[in-house]
Amino acid sequence: MAAQETSQSATFRHAFGNVLSFAVLLLIGVMAFSIRLFSVIKYESVIHEFDPYFNYRVTQFLTKSGVYDFWNWFDDRTWYPLGRVIGGTVYPGLTLTAGTLWWILNSINIPLSVETVCVFTAPVFSAFASWATYLLTKEIKGAGAGLTAAALLAMVPSYISRSVAGSYDNEAVAIFALIFTFYLYIKTLNTGSLFYATLNAIAYFYMVCSWGGYTFIINLIPMHVLLCIVTGRYSPRLYIAYAPLVVLGTLLAALVPVVGFNAVMTSEHFASFLVFIIIHVVALVYYIKGILTPQMFKVAVTLVVSVGMVLCVAVLAVLIALVASSPTKGWSGRSLSLLDPTYASKYIPIIASVSEHQPPTWPSYFMDINVLAFLVPAGIIACFLPLSDASSFAVLYIVTSVYFSGVMVRLMLVLAPAACIMSGIALSEAFDVFTRSIKFHLVGTTQNPQDNAGDATKVTQNDVKSEKSEDTVKERSSRKSKKDKENIEKPSLVSRVEKRLLVLPLETSVMAVFLLVLLGAFYVVHCVWAAAEAYSAPSIVLTSRSHDGLHVFDDFREAYAWLSHNTEVDDKVASWWDYGYQTTAMANRTVIVDNNTWNNTHIATVGTAMSSPEKAAWDIFNSLDVKYVLVVFGGLVGYPSDDINKFLWMVRIGGGVFPHIKEPDYLRDGQYRIDSQATPTMLNSLMYKLSYFRFVETDGRGYDRVRNTEIGKKHFKLTHFEEVFTTHHWMVRIYKLKSPRNRIRGKTKRSKSSLQKSGTSPSSKRSTRKRNPWQ
Amino acid sequence: MAAPKFAFLLLNLISILPLLVSSFSVDRPTDRRILVLLDDLSLKSSHSLFFSSLKSRGFDLDFKLADDPAIAVKRYGQYMYDGLILLSPSTERFGGSLDVEGVLDFVDSGHDLIVAADANASDLIRNIAAECGVDFDEDPSAVVVDHSSYAVSETEGDHTLIAADDFIQSDVILGNKKIEAPVLFKGIGHSLNPANSMVLKALSASPSSYSTNPSSKLSSQPPSLYGTAISLVSVVQARNAARIMISGSLDMFSNRLFRAGVQKSGSLNKYEKSGNEQFITELSKWIFHERGHLKAVNLRHNKVGESEEPSMYRINDDLEFSVEIFEWSGSSWVPHVSKDVQVQFYMMSPYVLKTLSTNGKGLYHTSFKVPDVYGVFQFKVEYQKLGYTSLSLSKQIPVRPFKHNEYERFITTAFPYYGASFSMMAGFFIFSGVYLYNK
């Protein structure tokens with residue numbers, strides 16, 4: 001009777017728990033969405049930064065022309081005159097996602113503009129990502145950890161920085177895809193279901209569509225499989241989780257035009273194939289072990305191992321030879337810089353020049369994951385108690401992502417979900433322990449009768465255990481669950497004693513819970529601050545607050561609008577590649593180079609032009625049919641990421657291809673300076689001239705507020721370029737190439753020479769004439 | 001008789017009125033209204049042959065004294081003249097608002113100019129010439145002297161009246177008819193920068209000439225200008241097709257030298273009439289765009305077998321290209337016939353360079369295959385020929401790669417692979433059936 005009642009109350013509680021967690025998840029989703037709206041509220045609903053503008057433009061094209069035209073899109077407005085095959089060089093996941101969203105909304109008569117859909121894609125997908133985190137963490141450590149992790153992820157600053165409203169970049173959907181793929185992998189691993197394995201391959205396909213970071217998945221999962229095999233955790237479930245993923249996933253990945261044959265030909269994918277072979281060998285070994293007697297098996301092993309060793313060595317030699325024969329050893333530059341953090345800065349200035357490819361500093365960890373950094377170790381420990389396949393995956397995930405985040409600040413984004421999962425586990429375990437202790441004490445004090453108390457605790461305990469055993473279908477060792485069952489069957493007394501041993505004092509528990517809540521509160525405060533202040537700036541509109549109020553710098557859009565209204569449709573605009581995407585998207589003008597840095601030579605050509613004296617630069621630009629040159633200059637308002645600060649990269653990248661540009665020519669004693677100590681090469685370079693032309697007229701002495709110095713050369717004229725537009729705060733300056741001289745002047749400047757002559761030759765009859773000496 | 005002509009002129013004027021911003025209208029490049037600036041109004045009669053030849057060709061001459069304060073070439077931002085003749089070598093300053101910059105702006109907005117200097121050429125004239133790439137001898141008293149190819153006259157003289165017959169070899173500039181008699185020239189010489197491709201010697205001095213002050217003794221130093229480096233008359237065609245003629249002699253335009261007979265020293269040929277009239281007339285025809293002006297129209301391209309102009313080509317498409325080139329004959333556009341017009345299919349460098357064939361009626365055409373390279377190409381016609389205005393046309397056209405469905409669907413050589421995959425599928429299907437249900 002009592003048992004029935006308790007079981008009834010248990011199912012009731014269970015249902016209530018489900019409803020509650022559903023509500024919590026919903027709220028988490030709402031929070032994830034709404035915390036990312038600061039950028040819209042504080043600024044406006046606008047696409048941010050650089051790459052999102054390209055994605056936005058592509059999405060516009062997609063919604064206008066359809067999927068097939070998008071697939072075959074040859075864009076003649078970038079990389080003039082080379083053009084760019086956009087359909088084949090872009091990860092289409094984000095664009096297709098937003099395009100589909102737009103299409104669905106429009107077909108149900110919600111007429112949102114493409115821009116609005118693009119702006120809000122990232123927040124929507126961050127809600128999805130937190131739900132995926134819940135699912136993943138639930139698979140690893142149960143629903144409580146899942147909810148905590150989801151809540152943490154919903155507001156982790158690192159992820160916010162890439163997914164605020166308007167930040168319409170690949171990472172916006174890719175992080176969701178990443179976590180969801182991991183979830184499906186773990187789900188397959190726990191259930192051994194082919195259905196989930198297939199879903200996993202499809203999720204992996206979506207990830208491949210979305211982001212180049214898919215290589216992280218296709219290397220991490222094999223690593224985990226290998227780890228499981230090495231630690232003796234091989235099981236058919238592992239096989240089902242892995243083998244279909246490799247086969248289907250690789251086939252699907254090869255369908256994405258930008259990946260294509262790379263899916264089987266580049267070294268980033270080799271690990272998965274190697275592990276694929278290994279897992280088959282292991283499966284075979286287990287099978288043979290099953291049908292042979294132990295002695296026969298030993299004989300077979302020695303035989304196979306000796307033959308296998310020879311074969312392996314041969315195959316390995318071939319592989320190494322193949323890999324070594326390719327110039328970059330089969331690895332693309334970006335991936336190589338992952339393994340060797342100094343690779344990029346040594347060999348590929350174009351990669352090193354991007355700030356998000358630099359290694360992060362310590363403060364950025366505290367900025368981006370805040371208190372999670374302290375909780376992660378606890379989470380790792382929790383994952384070892386007990387270690388399951390799923391939790392070992394989580395550990396592997398955090399370890400690798402910590403390494404990668406240390407290489408490139410951009411990969412902090414991959415670390416963030418791992419840190420959230422770990423912290424979620426840590427927090428939930430901690431709360432679990434503390435609340436259990438509190439509950440134990442409270443029950444112990446309020447309910448005197450021992451038996452009752454015992455029963456109650458037993459019930460709750462059973463409840464917990466059974467829940468756990470439900471969950472631990474996933475947990476690999478059947479021994480474990482057997483033990484659980486034994487536990488349950490054991491008399492309550494033993495468990496009670498066991499429990500008491502694990503119980504902490506009441507005061508400590510309350511205190512600890514309070515402190516943890518405080519920690520969480522700090523985290524929330526920090527996240528909200530980061531979302532509101534640090535990561536919501538669209539960088540296309542800048543603001544600054546000074547004593548006389550808020551200043552808005554809308555110079556970029558001013559300049560692009562000028563271009564689109566005052567230049568011919570087919571005019572070419574040259575600028576450093578950072579502004580390429582924006583120019584094509586906002587001004588709709590052809591650019592020479594843009595943020596898709598696929599052609600180093602072309603970028604080097606522009607870099608060389610910027611580092612050359614005026615005439616040489618004019619020749620280069622003219623050969624590229626350039627009509628306008630756009631430079632970004634922050635010296636007047638103190639905008640630090642302007643072209644003068646990027647100039648050394650232009651010199652380096654230009655010099656990498658055209659050796660007559662030498663970096664030391666631009667440095668005085670190894671120092672980069674633009675004041676009177678600057679080298680003549682520096683002062684005569686096009687970039688210097690275009691940035692500081694007429695600058696002295698602003699304050700009379702030419703004081704640069706970014707470099708905090710007075711400029712070196714103040715009064716000069718431009719011979720081959722003419723200023724056509726300078727924005728309100730001088731942040732963007734647009735110059736036009738002068739057309740070649742209509743006439744070629746003779747060698748003598750008559751007025752001067754004849755003036756001298758008239759002074760020196762008094763006998764000349766013309767010296768008697770009246771003349772204007774200034775003529 | 002005069003009324004219809006006037007009406008015609010008026011009609012012309014009306015027809016070109018909307019296009020007055022640039023000098024020559026697209027339809028009629030020949031100049032109409034010319035401002036003549038003179039040092040002295042007596043030049044009007046002493047050089048009347050030159051002026052009447054211009055008038056008879058339909059030009060509308062407006063004579064002004066160079067220091068007339070009412071001189072203005074521009075009103076309300078528009079030029080009132082199509083050409084300017086400066087027969088005012090000694091003028092130090094123009095009257096009115098005109099100055100060196102004014103003259104050069106006039107040229108740079110596409111108008112034509114004739115400048116004549118002489119032995120006492122002013123700085124103003126020298127400046128104008130220098131700006132056009134012509135450097136008169138710096139010695140203000142120097143004139144061109146030639147002791148071997150001077151014009152024979154009754155008095156021995158100082159050999160400053162020279163008989164020059166080293167003309168530029170161009171029918172376009174000097175007309176089809178060969179100039180038989182030498183040109184009489186009395187004035188100062190100038191030199192050109194050999195690197196300057198826009199300025200040409202229309203009349204060069206002989207190798208024995210030199211530039212010096214004839215009244216002074218020759219010093220031991222060689223004169224600064226001598227031999228064929230001296231140009232007597234030069235023409236400039238600016239990038240915007242404005243044409244300039246610069247002569248070191250005002251006298252060569254005069255009636256006296258137009259009518260004078262000429263015998264070059266050392267030559268037995270004695271001509272009744274000097275070559276001046278023919279030379280000046282023909283050259284002025286060229287200067288005022290009665291000749292040598294080309295226009296290219298109807299630049300077209302299309303795929304072979306189609307007539308519409310596509311917005312984009314695919315690699316390896318076959319295309320046809322055509323352009324029509326006409327030449328201004330002075331009164332109408334006639335087809336320009338030439339065998340050396342070329343088209344480039346250009347992306348940073350020419351990928352295709354083909355000579356166009358012509359049908360004799362102005363149409364030039366060719367066909368070629370788009371190279372196997374995608375990118376933004378240009379059809380470029382760069383036609384620069386001595387005497388003609390340069391043609392520089394370009395039309396941008398992107399070339400795209402194959403679409404995903406434009407590749408061959410089934411390749412014969414790959415049939416073994418297709419066979420392998422389909423047999424694999426079939427085998428797997430049979431295997432699954434046997435494995436699942438055969439128990």
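The structure presented is a predicted model; accordingly, all values stated were derived computationally and were not measured. Each chain gets a letter, A, B and so on, in the order the sequences are listed, and its residues count up from 1.
- Both the backbone and the side chain of B:V107 come within contact range of chain A, judged by heavy atoms closer than 4.5 Å.
- Per-residue heavy-atom pair counts under 4.5 Å with chain B were compared for A:G83, A:P740, A:S623, and the maximum is reached by A:P740.
- Of the possible polar contacts, none joining the B:R400 side chain to the A:W73 backbone as a donor-acceptor pair under 3.5 Å is found.
- Within the 4.5 angstrom heavy-atom criterion, no atom of A:D75 approaches chain B.
- Side-chain atoms of A:R743 come within 3.5 Å of backbone N or O of B:E131 as a donor-acceptor pair.
- The minimum heavy-atom distance linking A:P81 with B:M347 is given by the pair O-SD, 3.1 Å.
- For the pair B:N196 and A:R745, the minimum side-chain heavy-atom distance is 4.5 Å or more.
- In this structure, B:H404 and A:Y68 have parallel ring planes: the angle between them is below the 30° cut-off, well short of the 60° mark.
- Side-chain contact check for A:L624 versus B:M348: some heavy-atom pair is nearer than 4.5 Å.
- Of the two parts of A:N72, only the side chain, counted from C-beta on, holds a non-hydrogen atom closer than 4.5 Å to a non-hydrogen atom of chain B.
- With sequence neighbours excluded, the residues satisfying side chain to side chain contact (heavy atoms under 4.5 Å, CB included) with B:A414 are B:I411, B:Y417, B:Y418.
- Contacts between A:P257 and chain B at a heavy-atom distance below 4.5 Å are absent for every atom of the residue.
- No donor-acceptor distance shorter than 3.5 angstrom exists from the side chain of A:N742 to the backbone of B:A238, with no hydrogens or angles considered.
- Scanning both residues, A:F74 and B:P398, for their nearest heavy atoms gives CE2-CB, 4.2 Å.
- Residues forming a side chain to side chain contact (heavy atoms under 4.5 Å, CB included) with B:I397 (at least two apart in sequence, or on another chain): B:H301, B:Y313, B:F345, B:F377, B:F379.
- Between A:R741 and B:M198, every side-chain heavy-atom pair lies at or beyond the 4.5 Å cut-off.
- Contact annotation for B:Q378: only side-chain heavy atoms (C-beta onward) come within less than 4.5 Å of a heavy atom of chain A.
- Between B:Y374 and A:R84 the shortest side-chain heavy-atom distance does not fall below 4.5 Å.
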